[in-house]
Amino acid sequence: MSAAKATSGNLFANDPAFEVTAQTVSVLPPLPLAGPYDYLVPEGVSVAPGDFVEIPLGRQTQRGVVWGDAKGDVDPAKLREILGVLPTPPMDDVTRKFIDWVSAYTMSPQGAVLRMAMSVPDALEAPKPIFRFTLNPEFDVSGLRMTPPRKRVLAFLADHPPMEQGDILRETGAGASVVKGLVEAGAVQRLMVTPPSPFDAPDLDIPRPDLSAEQNEAADELCARLEQGGFSCTLLDGVTGSGKTEVYFEPVRAALAKGQQVVVLLPEIALSAQWLQRFRDRFGVEPALWHSEVGQARRRDTWRAVADGSAKLVVGARSALFLPYHDLGLIVVDEEHEHAFKQEDGVMYHARDMAVTRAHLGNIPIVLASATPSLETLANVEAGRYQHVQLGSRHGVAVLPSVEIIDIRQDKPQRNRWITPTLKKRLAETFANGEQAMLFLNRRGYAPLTLCRACGHRFQCPNCTAWLVEHRAWGKLQCHHCGYQAKAPDACPSCGAEGKLAPCGPGVERLFEEAVETFPDIRVEVATSDNIMGPKAAAELINRVHNHEVDLLIGTQILAKGYHFPMLTLVGVVDADLGLAGGDLRAAERSYQLLTQVAGRAGRGDRPGTVILQTADPANRVIKAIAAGDRDAFNAVELSQRMTHGMPPHGRLAALIISGKKENEVDEAAWRIGRVAPRGDGLMVLGPAPAPLSLLRGRYRRRFMIRADKGVKMQALIHEWLSKVKTPGSVRVQVDIDPYSFM
Ligand code: ADP
Ligand code: ZN
């Protein structure tokens with residue numbers, strides 16, 4: 001059996017060549033190169049699909065999951081035996097089917113997908129038991145040698161339920177040997193107890209806020225889908241501030257009331273402090289959090305509690321989709337349009353799409369929530385595959401902000417300044433009214449490019465096709481793709497001229513400088529991923545803004561998230577054209593979504609909000625659509641353009657990325673792959689072409705783009721294509737189905 005066949009897994013399964021006996025099973029190890037392998041089950045041991053087992057693999061011991069019947073492709077006489085069954089709740093059928101499905105769809109080995117579901121090896125061990133101590137009621141203490149510490153311990157235990165040793169020692173001041181002595185004498189009993197789940201059951205009796213008629217109707221509809229049972233996918237489509245969270249909390253509650261588990265996916269969980277607070281208010285408990293910043297011990301407990309069903313509500317980033325749920329009853333994907341749901345390395349998958357699949361396989365409902373749904377989701381609504389529930393107005397007295405466009409070619413800022421006179425005037429009025437403002441600029445650092453005015457030298461990353469970004473706060477030039485850093489020099493490294501290096505264009509740090517100079521008396525804060533690192537910093541910043549310790553907040557897209565600041569009435573978008581260029585498939589859509597979300601921060605309380613868009617292209621349809629608040633018109637134009645070119649959601653895309661450390665090897669491999677590219681009706685293959693980031697982290701990159709009509713079986717086609725070419729081990733070929741990044 002060749003390795004290549006094994007990795008293709010059950011997508012291209014062969015008929016068993018050997019007679020399969022009852023004592024053999026296939027086991028999938030969580031390794032990127034492997035599919036399931038056959039193993040013998042030792043006599044006297046019984047295993048079922050989903051069991052976690054230990055197996056020999058090569059010279060190592062591995063852990064894997066019993067995937068099903070033996071494939072029968074290896075003579076049973078040559079098979080090795082399973083070493084043991086782990087004390088872990090088995091992985092359910094739906095999770096295993098889901099892993100198979102994601103593997104086939106993304107063209108990644110099953111083991112690579114399983115690895116995402118087994119990301120905490122410690123969790124497979126039985127949790128350490130804990131010991132508690134209590135008086136032995138049968139013991140007669142009259143014969144016991146009594147000391148003052150012994151007396152204190154006995155008196156303490158007489159008054160308390162079984163206690164852990166640490167608590168006893170702390171409360172009585174006795175040493176560990178005292179407890180030990182009492183146990184040996186028989187006066188005290190040691191009890192072994194299973195550790196309780198770290199997650200409390202949600203409180204389902206907390207009264208919910210009064211929902212508006214519109215919210216009520218939406219919530220009822222979502223709950224009806226849940227009651228009705230089976231798969232359904234519903235788009236909860238409501239303008240910013242309409243109360244989508246309050247609405248989907250109702251089906252969440254209903255699923256919890258049935259004893260089921262619920263997972264809510266958020267695009268950037270680390271920044272979701274406000275959301276978490278609302279969850280706590282509504283259900284009285286901490287949800288089980290799952291994201292990259294959760295510490296190792298907590299991850300282990302969480303994984304285990306999800307597997308045994310005691311963690312009822314999981315809130316997480318995209319990876320939470322791969323947890324081994326015990327009884328998942330509902331999935332919610334909040335901000336479903338967010339590109340952060342697409343994983344761009346390893347197994348390249350889109351968590352929103354995979355979540356729909358998981359719901360389908362598990363036969364449960366899923367809710368996708370957004371104020372700016374993706375065109376993919378809207379197309380599914382139009383085709384009748386997804387239900388549509390709408391919230392047309394903001395909650396309470398809040399109204400949507402009014403939008404004004406400023407043409408920066410007419411209303412010009414001063415040289416090397418970015419705030420136009422009109423925006424400056426509006427800011428001054430806002431501060432004078434005791435209100436807050438926000439300036440949005442999606443550029444970290446001081447300046448996106450540094451240039452020598454003497455010779456024209458530009459500072460470029462040595463590892464990437466990218467300019468170095470000046471971060472004046474740290475005195476560094478940094479690459480935003482690979483993290484490369486260099487000290488900002490005084491002299492030009494190319495011509496040696498001193499004092500000639502000039503920043504070009506604005507970043508948030510530079511805008512901060514301008515704001516402080518323009519408004520010396522107001523309190524300004526910058527918020528980017530450089531200074532808001534992690535949930536704690538985000539929560540603190542949010543509190544400062546909430547408590548009005550900040551008048552002006554300047555930041556990047558991290559401010560576009562669902563924050564709610566009632567006194568924030570003015571949002572200025574410093575460069576609304578940023579992101580419109582670049583020409584990738586979703587540039588206009590993404591820009592529309594981002595600007596709408598940013599604009600949605602204004603006027604969420606009882607004071608109306610204003611949004612100012614500074615642009616050099618006021619006729620651009622994205623800008624016009626936002627100004628007119630006409631999402632449907634924007635989407636209609638965008639969809640018809642996609643249709644004309646057969647682009648998603650009307651057609652399908654895939655990308656191949658060929659990369660390696662040696663440019664000639666990469667070019668050679670790309671050329672050979674290109675020579676056998678598939679042809680056919682409804683199919684177009686572009687490339688090989690240097691990727692826009694043709695050098696990334698020291699690797700040279702070439703791309704192919706495949707566009708196909710809906711009916712074409714993309715994965716089978718690519719599989720056949722790549723099987724015709726052998727590439728050297730030093731060249732990597734990545735397949736990106738439904739690409740979101742074109743870099
Ligand atoms: P969206 O997610 O649609 O932007 P949110 O769910 O964040 O909207 O709601 C916006 C604000 O309005 C939040 O502060 C929320 O607590 C409040 N809100 C929404 N609906 C209600 C309600 N029925 N009663 C009280 N407050 C509500
Ligand atoms: Zn770089």
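When a ligand or atom number is given, it counts from 1 through the structure's own listing order. The shown structure was predicted, so the numbers you read here are calculated from the model rather than taken from an experiment.
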S694-T465 side chain donor-acceptor pair, cut-off 3.5 Å: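 Judged by distance alone, the side chains do pair up.
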Exercise: do Q734 and S659 side chains pair donor with acceptor under 3.5 Å: no
Under 4.0 Å to a heavy atom of [X] - the qualifying atoms of ligand 1, by number:
{"X": "L211", "value": "23 (N)"}
{"X": "T240", "value": "4 (O)"}
{"X": "E246", "value": "6 (O), 15 (C), 16 (O), 19 (C), 20 (N), 21 (C)"}
{"X": "H564", "value": "11 (C), 14 (O)"}
{"X": "V239", "value": "3 (O)"}
{"X": "S242", "value": "1 (P), 3 (O), 8 (O)"}
{"X": "D210", "value": "22 (C), 23 (N), 24 (N)"}

To check you understand the geometry: which heavy-atom pair defines the closest contact between [X] and [Y], and what is its length?
{"X": "Q478", "Y": "R444", "result": "OE1-NH2, 3.6 Å"}
{"X": "P365", "Y": "L226", "result": "CG-CD1, 3.5 Å"}
{"X": "P739", "Y": "R586", "result": "O-NH1, 3.0 Å"}
{"X": "P448", "Y": "P506", "result": "CD-O, 3.7 Å"}

By salt bridge (Lys or Arg N to Asp or Glu O under 4.0 Å) - contacts of E540 (at least two apart): K536
Starting from [atom], what is the nearest protein heavy atom, named by residue and atom, and what distance separates them?
{"atom": "atom 18 (N) of ligand 1", "answer": "H395 CD2, 3.4 Å"}
{"atom": "atom 10 (C) of ligand 1", "answer": "R604 NH2, 3.7 Å"}
{"atom": "atom 4 (O) of ligand 1", "answer": "G241 N, 2.7 Å"}
{"atom": "atom 20 (N) of ligand 1", "answer": "Q215 NE2, 2.9 Å"}
{"atom": "atom 7 (O) of ligand 1", "answer": "R278 NH1, 2.8 Å"}

Verdict with reasoning, T377 to E336, per side-chain hydrogen bond (donor to acceptor under 3.5 Å, both in side chains): CA-CA 9 Å; T377 295; E336 68 88 26; 2.8 Å; yes
Stepwise ring-ring contact (aromatic ring centres under 6.0 Å, His included) test for F249 and F283: CA-CA 9 Å; F249 274 175; F283 295 105; 5.6 Å; yes
Atoms named by residue and atom, protein N, O or S, within reach of the Zn ion (ligand 2) (under 2.8 Å): C461 SG, C464 SG, C479 SG, C482 SG
Sub-4.5 Å side-chain heavy-atom contact between H546 and Q436: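 No. Closest side-chain heavy atoms not under 4.5 Å.
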